[in-house]
Amino acid sequence: MAVPKRRTSTTRKNKRRTNKGLNGPALSRDPQTGEYHLSHRVSKDGYYKGQQVIEPKD
């Protein structure tokens, strides 16, 4: 059976585990349209915080 010649350092071990705690994007629901979009971004329909801030393209 193979045995490691040297001990794995804590730095090397932690580098391998850096991506373990990643989460998905934080989505928020627009109260007017019910659409999900990224937080602090205007939705596709042009709504932000329940108010229409831009006119959507046709």
Please output the side-chain donor-acceptor pairs of residues 34-43 that fall under 3.5 Å, not counting sequence neighbours, one pair per line with the distance.
| from | atom 1 | to | atom 2 | distance (Å) |
| --- | --- | --- | --- | --- |
| His37 | ND1 | Arg41 | O | 3.1 |
| Ser39 | OG | Ala26 | O | 3.2 |
| Arg41 | NH1 | Ser39 | O | 3.2 |
| Ser43 | OG | Tyr47 | N | 3.3 |
| Ser43 | OG | Tyr47 | O | 3.3 |

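For the atom pair Lys15 NZ and Ser9 OG, the distance stands at 7.5 Å (nearest 0.5 Å).
In this structure, the side chain to side chain contact (heavy atoms under 4.5 Å, CB included) partners of Lys13, at least two apart in sequence or on a different chain, are Thr8, Thr10, Arg16, Arg17.
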